[in-house]
Amino acid sequence: MVGGLLATHMIPSLGWKSLFYLGGILPILIGLVVAFALPESIRFLVARQADSPKVAQILSKISPATSLSDNVSFYLPEQRHEGLPVKHLFRSGYALNTVLLWIVFFMNLMIIYFVSNWMPTLLREAGLPLDKAIIGVVMLQGGGVIGGILIGSLGDRRSIRTVLAVAFLLGAVSLAVTGTMGTVPSVMAMVFISGLLVVGTQFGINALAASIYFTSVRSTGVGWALGIGRIGSIVGPLIGGALIAAHASLQTIFVVAAIPALIAGVAILLMRLHVPERVAMANSDSAQPIA
């Protein structure tokens, strides 16, 4: 969202290349912060090194009132999968969830990049100048900011599957309706709502992916889902470009964008959120389970 606002000022004064310099510098700075300041996952540390003092240090920061000795040990009540992690995404009943999760990520990122990449072009063809057309992307991502917070909050209180399914299905409706709006303000309003429902779900499906798998294959499961999703982010703009080249109407383009949201919503409804094989590993009398 901030990038869209900056672009409206940077392109006229500094040229389009300035956006790529900014886009290259910021990830380096963020990477340094993450490398030195972001704590490791507690579950990962326990799975890899149960007696690690880092676990106690992180838990003490989370709950300062909790007193933990240096020699305390921890365990996870789940199996640790050895060998090639990818194969475990399709074993022990995971296969259905994995395939459906890939479908959801593919469809979600296809929509986001479909709409984000072509929004300025569509609005310019509707008669807006470039600086105003870019605001359409700002509205989309601004809706995503609010949607991510709302969906995350609701997902903590209700079934994350239900929240995401409803968001995707309503997002399909909002996208389909966007192309029928007759004025620029009404189009912007619907784009904002679509961003809230569709872009906002990206945060929710990341959490969903992390909740499906055991700790030992969690990063692999999330990584593959995001990787498959990136294929959708390539396909989306290609479809949008083909529609624009074919002189499709604004209504047709947004109806096409609504179809992946509908498919993602159905896929979420078909998912089973439980982990098929949770086998406790409480075999050591000296180990203390920390939830």
Side-chain angles (χ1 to χ4, degrees), residues 34 38-50 52 55 74-113 148 151-152 155-156 158-169 171 198-236 259-283 289 291:
V34 169
L38 184 67
E40 182 56 86
S41 161
I42 296 176
R43 298 176 68 87
F44 177 83
L45 288 174
V46 173
R48 295 290 177 179
Q49 192 177 6
S52 173
V55 179
F74 308 90
Y75 73 91
L76 282 178
E78 63 181 42
Q79 289 181 326
R80 177 177 174 179
H81 296 288
E82 303 291 346
L84 186 65
V86 178
K87 68 180 180 181
H88 296 298
L89 304 183
F90 297 92
R91 290 186 171 182
S92 304
Y94 283 109
L96 177 61
N97 277 351
T98 294
V99 172
L100 290 172
L101 188 68
W102 288 4
I103 291 173
V104 172
F105 270 81
F106 182 92
M107 296 299 170
N108 183 248
L109 287 177
M110 182 167 69
I111 304 165
I112 292 174
Y113 281 83
I151 289 172
D156 283 336
R158 302 178 182 275
S159 167
I160 185 66
R161 178 180 61 179
T162 302
V163 172
L164 289 172
V166 170
F168 271 120
L169 296 176
V198 176
V199 179
T201 56
Q202 180 64 50
F203 303 95
I205 63 176
N206 288 339
L208 173 65
S211 70
I212 290 176
Y213 302 105
F214 282 112
T215 304
S216 56
V217 296
R218 181 180 58 192
S219 293
T220 300
V222 175
W224 270 84
L226 285 166
I228 296 297
R230 289 300 160 186
I231 298 176
S233 71
I234 297 171
V235 173
I259 295 174
L262 179 62
I263 295 173
V266 173
I268 289 285
L269 290 175
L270 295 175
M271 291 186 70
R272 299 169 299 170
L273 297 188
H274 68 280
V275 176
E277 288 186 359
R278 285 204 177 276
V279 180
M281 297 176 63
N283 295 324

*Asks:* I need the minimum non-hydrogen distance between Gly265 and Leu169, along with the two atoms involved.
*Replies:*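 Scanning both residues, the minimum pair turns out to be CA-CD2, 4.2 Å.
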*Asks:* Looking at Val104 and Ile205, what are the two nearest heavy atoms and their distance?
*Replies:*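 Answer, listing the atom of Val104 first, then Ile205: CG1-CG2, 3.7 Å.
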*Asks:* Who are the side-chain hydrogen bond (donor to acceptor under 3.5 Å, both in side chains) partners of Arg230, not counting sequence neighbours?
*Replies:*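 Once residues adjacent in sequence are excluded, the partners of Arg230 under the side-chain hydrogen bond (donor to acceptor under 3.5 Å, both in side chains) criterion are Tyr113.
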*Asks:* Please check if the side chain of Arg161 supplies one atom and the backbone of Met271 the other of a donor-acceptor pair under 3.5 Å.
*Replies:*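 Checking the backbone N and O of Met271 against the side chain of Arg161, a donor-acceptor pair under 3.5 Å is found.
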*Asks:* Please name the pair of heavy atoms, one in Ile231 and one in Phe106, separated by the smallest distance, quoted to 0.1 Å.
*Replies:*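 Heavy atoms only, the tightest pair is CG2-CE1, 3.7 Å.
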*Asks:* Mind checking the CG-CZ spacing from Asp156 to Arg158? Nearest 0.5 Å is all I need.
*Replies:*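 Nearest 0.5 Å value for the CG-CZ distance: 12.5 Å.
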*Asks:* So which atom in Ala165 and which in Leu269 form the shortest heavy-atom distance, rounded to 0.1 Å?
*Replies:*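 Answer, listing the atom of Ala165 first, then Leu269: CB-CD2, 3.5 Å.
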*Asks:* Identify the heavy atoms of Ala225 and Leu101 that sit nearest to each other, and give their distance.
*Replies:*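 Scanning both residues completely, I find the closest heavy atoms to be CB-CD2, 3.9 Å.
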*Asks:* Holding to side-chain hydrogen bond (donor to acceptor under 3.5 Å, both in side chains), I want the full list of residues that pass it with Thr98, two or more places apart in sequence or in another chain.
*Replies:*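 Partners of Thr98 under the side-chain hydrogen bond (donor to acceptor under 3.5 Å, both in side chains) test: Tyr213.
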*Asks:* Considering non-hydrogen atoms only, spot the tightest contact between Val217 and Leu89 and give its length.
*Replies:*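 Nearest pair, atom of Val217 first, then Leu89: O-CD2, 4.2 Å.
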*Asks:* Would you say that Leu226 contacts Asn206 through its side chain, given a criterion of any heavy-atom pair below 4.5 Å between the two side chains?
*Replies:*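 Leu226 vs Asn206: side chains touch.
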*Asks:* Taking the side chain as every heavy atom from C-beta outward, state whether Met107 and Leu262 have any pair of such atoms under 4.5 Å apart.
*Replies:*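 When only atoms from C-beta onward are counted, Leu262 and Met107 do not touch, as no gap falls below 4.5 Å.
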*Asks:* Quick one: ring pair (Phe, Tyr, Trp, His ring centres under 6.0 Å) partners of Trp102, sequence neighbours excluded?
*Replies:*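 Checked Trp102 against ring pair (Phe, Tyr, Trp, His ring centres under 6.0 Å); matches are Phe90, Trp224.
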*Asks:* Starting at OH of Tyr94, measure out to CG of Asn97 and round the result to the nearest 0.5 Å.
*Replies:*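 Answer rounded to 0.5 Å: 9.0 Å.
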*Asks:* Quick one: does Phe168's side chain get under 4.5 Å of Thr201's, heavy atoms only?
*Replies:*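 Yes, at least one pair of side-chain atoms sits under 4.5 Å.
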*Asks:* Would you mind reporting whether Ile268 and Leu208 have side-chain heavy atoms less than 4.5 Å apart?
*Replies:*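 In short, these two side chains touch, coming nearer than 4.5 Å.
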